[in-house]
Amino acid sequence: MASVELRNIKKRFGDVEIIHNLDLRVEPGEFTVFVGPSGCGKSTLLRMIAGLEEITAGDMKIDGQLMNDVAAASRGIAMVFQSYALYPHMNVFKNMAFALETARFPKAEIEQRVRRAAQILQIEHLLQRKPKQLSGGQRQRVAIGRAIVRNPRIFLFDEPLSNLDAELRVQMRVEIAKLHRDLGTTMIYVTHDQVEAMTMADKIVVLRAGRIEQVGTPLALYNEPANQFVAGFIGNPKMNLLKAELADAGPGRALVNVAGKPIDVPRQLVEQHRGAVTFGIRPEHMELGGAGLTLGPARVQVVEQLGGETLIYAELADGQPLTLQMQGQKRVLPGETVEASFDPAQCHLFLPEGRSLC
């Protein structure tokens, strides 16, 4: 296990700065996920940790040792790529053993390490096959096994599941989480899929345009987003974010006009504000009918029946879209008008520039 510390990290390509004064600490044995939209800098950041990209400015340390000028091969890191990067002419055993053979490890130790990794990943029966004879999920297991045999201090994963179908993605998420539990090694994982981040991480780092928006546990980010970007990015389906007006505020409460309807929100605001705000409520925190507050009538546009849950896409009186996520099978049809109630304690308010008001 090893810690990773980034201090005032910058990355430029020519005159374009991609990473801006970034500070972060990954604790020993922690499973940290970098998540964010395409182009936010998460893969670039991972490659700087790996030593595959030069750091323009700032310090990167592993266990307190400065790594800026240390070669990638000497950092004690193993990286698993999106593309698998297996040698097509070698069988699975040779693919997994290649780095150890290149480093001139004894044959007996190579055999032991490869067999152990294959046992952990349940691919012992595939050791004599070539990559072309494997499924996508099996190839990804081999790529992970090639990393395991090196006994690294840190595992880095760069969107390793993006080439897999939906069923295999779920299966491999579980396998990687189990691998972390069994090995206890520090892991840093990059994805644009917030579901992967929520289900796998000890700590999530939300990135946007080369800056950290928020760092925290999955539930901390879900329940207490620092800003509107995090609120809209974390959660599936995404939080309803509605244009609103903050009319009044007092101790522990705020009166908000949403779609022409006043809503009394029992929240302590962190600063005084009047005027335009964004009102947030998650789709799963709403229900049809009920005794809570409502946003007024909403006209149903589309209904998705998923068996265990129902997604309702509706439109409020002022034309703003509203998504509802109902447990079970709800008999609602497009064109109908519904009233969705909610607990105002579940609401969020955001300033025009995006910061959370409460």
Side-chain angles (χ1 to χ4, degrees), residues 1-13 16-36 39-81 144 147-148 150-160 176-177 179-181 183-192 194 196-198 200-221 224-227 229-230 233-234:
M1 295 190 292
S3 65
V4 178
E5 189 173 6
L6 307 176
R7 287 289 182 89
N8 299 316
I9 293 293
K10 291 184 181 181
K11 177 61 182 178
R12 294 190 192 94
F13 291 106
V16 180
E17 190 165 287
I18 305 299
I19 304 293
H20 314 277
N21 289 327
L22 189 144
D23 293 317
L24 179 69
R25 179 176 172 82
V26 177
E27 299 296 338
E30 193 171 56
F31 195 126
T32 298
V33 176
F34 296 167
V35 69
C40 70
K42 53 190 183 293
S43 289
T44 299
L45 187 59
L46 194 77
R47 290 174 64 84
M48 285 194 289
I49 295 171
L52 302 178
E53 290 284 356
E54 183 179 343
I55 297 172
T56 303
D59 294 332
M60 198 283 282
K61 297 180 179 180
I62 296 177
D63 280 344
Q65 181 184 356
L66 187 64
M67 289 285 158
N68 292 40
D69 299 321
V70 176
S74 302
R75 296 190 179 192
I77 288 173
M79 190 163 179
V80 179
F81 297 92
I144 294 171
I148 290 174
R150 295 175 57 190
N151 291 339
R153 292 191 288 173
I154 301 167
F155 283 94
L156 304 181
F157 295 88
D158 190 5
E159 303 210 40
I176 292 174
L179 181 67
H180 177 253
R181 182 195 65 198
L183 298 180
T185 310
T186 305
M187 294 186 178
I188 303 176
Y189 187 104
V190 161
T191 182
H192 64 275
Q194 56 90 22
E196 286 184 19
M198 289 289 291
M200 300 172 71
D202 297 322
K203 179 166 72 183
I204 296 176
V205 180
V206 182
L207 292 159
R208 178 172 61 161
R211 292 182 170 87
I212 292 177
E213 293 290 323
Q214 190 172 356
V215 178
T217 65
L219 289 182
L221 269 60
E224 300 174 4
N227 56 47
F229 175 79
V230 176
F233 195 86
I234 299 295

_Given 3.5 Å as the limit, does a donor-acceptor pair link the side chain of Arg150 with the main chain of Ile77, or not?_
yes
_Approximate separation, where rounding is to 0.5 Å, of Leu221 CG and Gln194 CD_ = 10.5 Å
*State, to 0.1 Å, how close Gly58 and Asn68 come at their nearest heavy-atom pair, and which atoms those are.*
O-ND2, 2.7 Å
*Thr191, Asp158, Ile49, Val206 screened by side-chain contact (heavy atoms from CB on, under 4.5 Å) with Phe34, the one that passes*: Ile49
*Calculate, to the nearest 0.5 Å, the distance between atoms CD1 and CD1 belonging to Ile204 and Ile234 respectively.*
5.0 Å
*Verify whether one side chain among Glu159 and Tyr189 offers a donor that lies under 3.5 Å from an acceptor in the other.*
no
*If every non-hydrogen atom of Ala197 is compared with every non-hydrogen atom of Pro218, which pair is closest and at what distance?*
O-CG, 4.3 Å
*Distance-minimising heavy-atom pair for Leu156 and Ala50*: CD1-CB, 3.5 Å
*When you measure from the side chain of His20 to the backbone N and O of Ala209, does any donor-acceptor pair fall under 3.5 Å?*
yes
*Using atom types as modelled and distance alone, determine if a side-chain donor or acceptor of Asp202 lies under 3.5 Å from a backbone N or O of Glu30.*
no
*Mind listing the closest non-hydrogen atom pair of Val80 and Ala147 along with its distance?*
CG2-CB, 3.9 Å
*Can a salt bridge be assigned to the pair Arg153 and Asp63 using a cut-off of 4.0 Å between side-chain N and carboxylate O?*
yes
_Quick check for you: to the nearest 0.5 Å, what is the distance between Glu54 atom CD and Asp69 atom CG?_
8.0 Å
*Atom CD in Glu17, atom CG in Asn21: separation rounded to 0.5 Å?*
6.5 Å
*What heavy-atom pair brings Ile154 and Ala2 nearest, and what distance separates the two atoms?*
CG1-CB, 4.0 Å
*Checking Asp23 side chain against Asn8 main chain: does a donor-acceptor pair fall under 3.5 Å?*
yes
*What residues, two or more places apart in sequence or in another chain, satisfy side chain to side chain donor-acceptor pair (under 3.5 Å) together with Glu27?*
Arg25
*Between atom OG of Ser43 and atom CG of Leu52, what is the distance when rounded to the nearest 0.5 Å?*
11.0 Å
*Quick one: pull up CD in Glu5 and CG in Asp59 and give me the separation to the nearest 0.5 Å.*
9.0 Å
*asked:* Pair Phe155, Thr186 - check side-chain contact (heavy atoms from CB on, under 4.5 Å), show working.
replied: CA-CA 6 Å; Phe155 283 94; Thr186 305; over 6 Å; no
_Between Ile212 and Leu207, does the side-chain contact (heavy atoms from CB on, under 4.5 Å) criterion hold? Intermediate values first, please._
CA-CA 5 Å; Ile212 292 177; Leu207 292 159; 3.7 Å; yes
*Please lay out, stage by stage, how Ile188 and Val4 fare under the test side-chain contact (heavy atoms from CB on, under 4.5 Å).*
CA-CA 10 Å; Ile188 303 176; Val4 178; 4.2 Å; yes
*Please collect all side-chain hydrogen bond (donor to acceptor under 3.5 Å, both in side chains) contacts where either partner lies in residues 207-217, sequence neighbours excluded, each pair once.*
Arg208-Glu213, Glu213-Asn227
_Between Lys203 (side chain only) and Val33 (backbone N and O only), is there a donor and an acceptor less than 3.5 Å apart?_
no
_Residues Leu179, Ile148; criterion side-chain contact (heavy atoms from CB on, under 4.5 Å); working and verdict_ = CA-CA 10 Å; Leu179 181 67; Ile148 290 174; 3.5 Å; yes
_Any heavy-atom pair between the side chains of Thr44 and Leu46 that's under 4.5 Å?_
no
*Do Met48 and Ile9 come within less than 4.5 Å of each other through their side chains, counting heavy atoms only?*
yes
*Can a salt bridge be assigned to the pair Glu53 and Arg47 using a cut-off of 4.0 Å between side-chain N and carboxylate O?*
yes
